[in-house]
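The block underneath contains the structure these notes are about, expressed in C-alpha cells.
Being a predicted model, the structure only gives us computed values, none of them experimental. Lettering of chains follows the sequences in order, A, B, ..., and the numbering in each one begins at 1. Scope of the values below: all heavy atoms of this structure, side chains included, with no hydrogens, waters or symmetry mates.
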There are 2 protein chains.
Amino acid sequence: MQMQGTAKPLVLVVDDEPAQRALLSYNLKAAGFRVATAGDGEEAMLAIAEDAPDVILLDWMLPRLSGLEACRQIKASAGGRQSAVIMVSARSEEADRVRGLETGADDYIVKPYSVAELIARVKANLRRVRPAATGAVLEAGDIRLDTESYRVTRAGKSLHLGPTEFRLLAALMERQGKVWTREALLDRVWGRDIYIDTRTVDVHIGRLRKALCTHGDPDPIRTVRGAGYAMG
Amino acid sequence: MQMQGTAKPLVLVVDDEPAQRALLSYNLKAAGFRVATAGDGEEAMLAIAEDAPDVILLDWMLPRLSGLEACRQIKASAGGRQSAVIMVSARSEEADRVRGLETGADDYIVKPYSVAELIARVKANLRRVRPAATGAVLEAGDIRLDTESYRVTRAGKSLHLGPTEFRLLAALMERQGKVWTREALLDRVWGRDIYIDTRTVDVHIGRLRKALCTHGDPDPIRTVRGAGYAMG
DNA sequence: CGGCGATATGACGGTTCGGTGACAACGGTT
DNA sequence: AACCGTTGTCACCGAACCGTCATATCGCCG
C-alpha cells in the first residue's frame, strides 16, 4: 500500500445486528479501511465525537434512535458534517430513498446489496471527503499535488518538500478555505495521539511557505490570527 | 431550499435521446436548476469547458464516446473534477455499477428512475460540490460571515476583523434582532469566568462598526440605550 | 434649554501572537 | 565515522491586538 499523506480512511459501521457489523468490518478492512462500529445511534454519536470518520454506513432500522434521525443529528453536528453518510436500508421504496437523501445522507444503498458495490460506493464517497486518501491529484490555484507520485508543482515548476510539509500541504488543500486550528493539523498531519508543541505547526507552515514561494509567487497560505491556517 | 447569494446551480444533461433531454430539462428547471444539454460525449466536454456544471447527468449509452469513457475524461480534466458526475444507465447489473463508480462517477442511477429520486440525488450531490450551502455561513443583510473559513464580507467586499471582533459579530449575527446585554456578550464572546470592564464591549462594538462601515455602508448594529446591542 | 447618565471615540501602554533563524537530535546513506 | 536532510524546540522580535482611561458626544428628562 502506498504512503498516502495520512492514515488509512476510517469507516464507521452503524448496525444493530452484530453479524452485519462483523461482515462489513471484515470486508471493509480487507479493502484497506480502518473500521469503527456502533450498535445504535447514540453509540454512533459517541464514536463520531471520539474520532471523526470519513464515511459512515448507517442502517435505517436502529433501536432507540432511528437511522434517519441519527443522520439528521450527524449532519447537524460539527464533526459529522465532514463525514459522508451512506444510508443502508431494506426499504427499497423510492419515497424512502428520497427522504433519506433529503435528510442529508450522501448516498443510499438498498439491501440486499453486493459487497463489491458497497465498497465501490464507499470509495466514491471517500473520493470527495478525503481526496488525498484516494490517490487523487489536488489542485489549488497554480499548485498541483499528486498524492500518488508524491510530487508537488507550482506553475509547472517542481518543488521539493519534506514528508511532513507534504502531508501538511495535502491536508490544507483537501479543504480549501477551511481554517484549521493547530490542534486539528497536529491530529491530521502528525497523528492522533502524539504530543507535540503546537508552535511546531508554525515552523512547518513557515517552511512550507518558503518552499511554495521560492520563485517569488504569492503566499497561498492564509494566517488567521487566533484561529489557525487556511489555504486560499 | 435556500440559494443564498450565488447563482442557481448548473446541471449538464448528457443523453443522445432528445426526448430524454427535454424531460430532464423540464423537471430540473422546475426544481430550480439551470440546465445545459449535450447529445454525446464530445459535446459534453465542450459544454464543460464553456461553463463548468455543478452536476453532470451522464447517460451510459452514448454514440461515439461511451458514457464510461466520457466520465473518465471529465474526471481527468481540470474543470470536470469539481463537478459531480451521476451515471444514468439501464444496465442494472451490479458489475456495471461498480465499474461506473470506480471510473470516478460520484453516483449511479438505474433506469427506470423516478424523477423525485433523481432530483433528490442531484441535490445530494450538489451538497457535496457546493459545501457553501450547508450552513456554516451566517448572513444578515449584505453581510456574510463564514465560520469555517473565518471570512467576513460586506456587499462582496472582504473585511478584516480581529479575533474578538469576529466572535462578537458571529454572536450578534447568530440571533439577529436579539438585544444582548454587555454581560451576556462578555459571557458569550470573551468567556464565562473572565472579569473585564463591561465598557470594553463598547470599544469593541465601535471597532466592529468601523470595520463594517469602511465603505460608507449604513451601521447594521443597533444600540439599545440602557440594555445593550443588537443586529438589525 | 440645561443637566445628567449613558454611549462613542481617540489615544496609549501592555500583552499576546505569529514569523523566523538557530540549533541539537535523529536516522539513513555513503 | 562523517555527511545529509529532516524534524521538534527554543528564543527573540515586530506587529497586531486588547483592555483601560479620558474626553467628547448623544439622548432623555424635566
Side-chain angles (χ1 to χ4, degrees), chain A residues 3 5-6 150-152 158-172 179-214 218-231, chain B residues 150 152 158-172 179-214 216-231:
Chain A
M3 251 281 255
T6 44
Y150 220 75
R151 201 151 275 161
V152 181
S158 181
L159 301 179
H160 176 72
L161 299 183
T164 307
E165 279 104 48
F166 181 87
R167 270 177 284 142
L168 182 56
L169 179 60
L172 289 174
V179 173
W180 299 77
T181 66
R182 294 172 171 75
E183 288 77 11
L185 286 172
L186 280 176
D187 263 18
R188 189 172 263 265
V189 175
W190 275 261
R192 187 144 291 278
D193 32 39
I194 204 153
Y195 134 97
I196 285 185
D197 188 349
T198 59
R199 291 303 308 278
T200 300
V201 177
D202 297 25
V203 179
H204 280 274
I205 288 282
R207 289 171 181 159
L208 181 54
R209 278 185 169 136
K210 185 180 289 186
L212 289 173
C213 304
T214 40
D219 181 5
I221 299 175
R222 182 164 52 103
T223 301
V224 180
R225 189 165 250 261
Y229 299 96
M231 193 82 192
Chain B
Y150 278 79
V152 181
S158 181
L159 301 179
H160 178 73
L161 301 182
T164 308
E165 284 137 54
F166 182 87
R167 269 177 283 139
L168 181 56
L169 179 60
L172 288 173
V179 178
W180 297 76
T181 67
R182 290 162 223 282
E183 288 77 12
L185 284 173
L186 280 176
D187 262 18
R188 175 85 167 66
V189 175
W190 275 260
R192 213 146 292 276
D193 33 38
I194 202 155
Y195 90 115
I196 285 185
D197 189 349
T198 59
R199 290 278 128 218
T200 301
V201 177
D202 298 24
V203 178
H204 278 275
I205 288 281
R207 287 170 180 158
L208 182 54
R209 278 183 169 138
K210 183 181 289 189
L212 289 173
C213 304
T214 40
D217 302 295
D219 181 5
I221 299 175
R222 185 162 49 99
T223 301
V224 182
R225 199 178 171 81
Y229 301 95
M231 193 83 191

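Contacts of A:R199 with the nucleic acid, taken as non-hydrogen atoms under 4.0 Å apart, include base atoms. Among the heavy atoms of the strands lying under 4.0 Å from A:T200 is at least one base atom, whether or not backbone atoms are also near. Within 4.0 Å (heavy atoms only), B:R207 reaches at least one base atom of the nucleic acid. Using a 4.0 Å heavy-atom criterion, one finds that B:F166 contacts no nucleic acid atom at all. Counting non-hydrogen atoms under 4.0 angstrom, B:Y195 reaches nothing in the nucleic acid.
Around the CZ atom of B:R209, the shell of radius 6.0 Å holds more than 12 heavy atoms that belong to other residues, nucleotides or ligands.
Counting only heavy atoms from C-beta on, A:I196 has its side chain closest to D:dT9 among C:dT9, D:dT9, D:dG19. In this structure, the nucleotide among D:dA15, D:dG8, C:dA8 sitting nearest to the side chain of A:H204 is D:dG8.
Comparing A:G228 and B:D202 along DNA chain C, the residue whose closest nucleotide (by nearest heavy atom) sits nearer the 5' end is B:D202.
Of the listed residues (A:R207, A:K210, A:H204), just one forms a side-chain hydrogen bond (donor to acceptor under 3.5 Å, both in side chains) with A:E165, and that residue is A:H204.
Residue B:W190 has no polar side-chain atom (N or O) positioned under 4.0 Å from OP1 or OP2 of D:dC18.
Between its two ends, the helix from C:dC1-D:dG30 to C:dT30-D:dA1 turns its axis by 20°, counting five pairs per end and rounding to 10 degrees.
Checked by atom type, the side-chain pair B:R182/B:Y229 shows a donor-acceptor distance below 3.5 Å.
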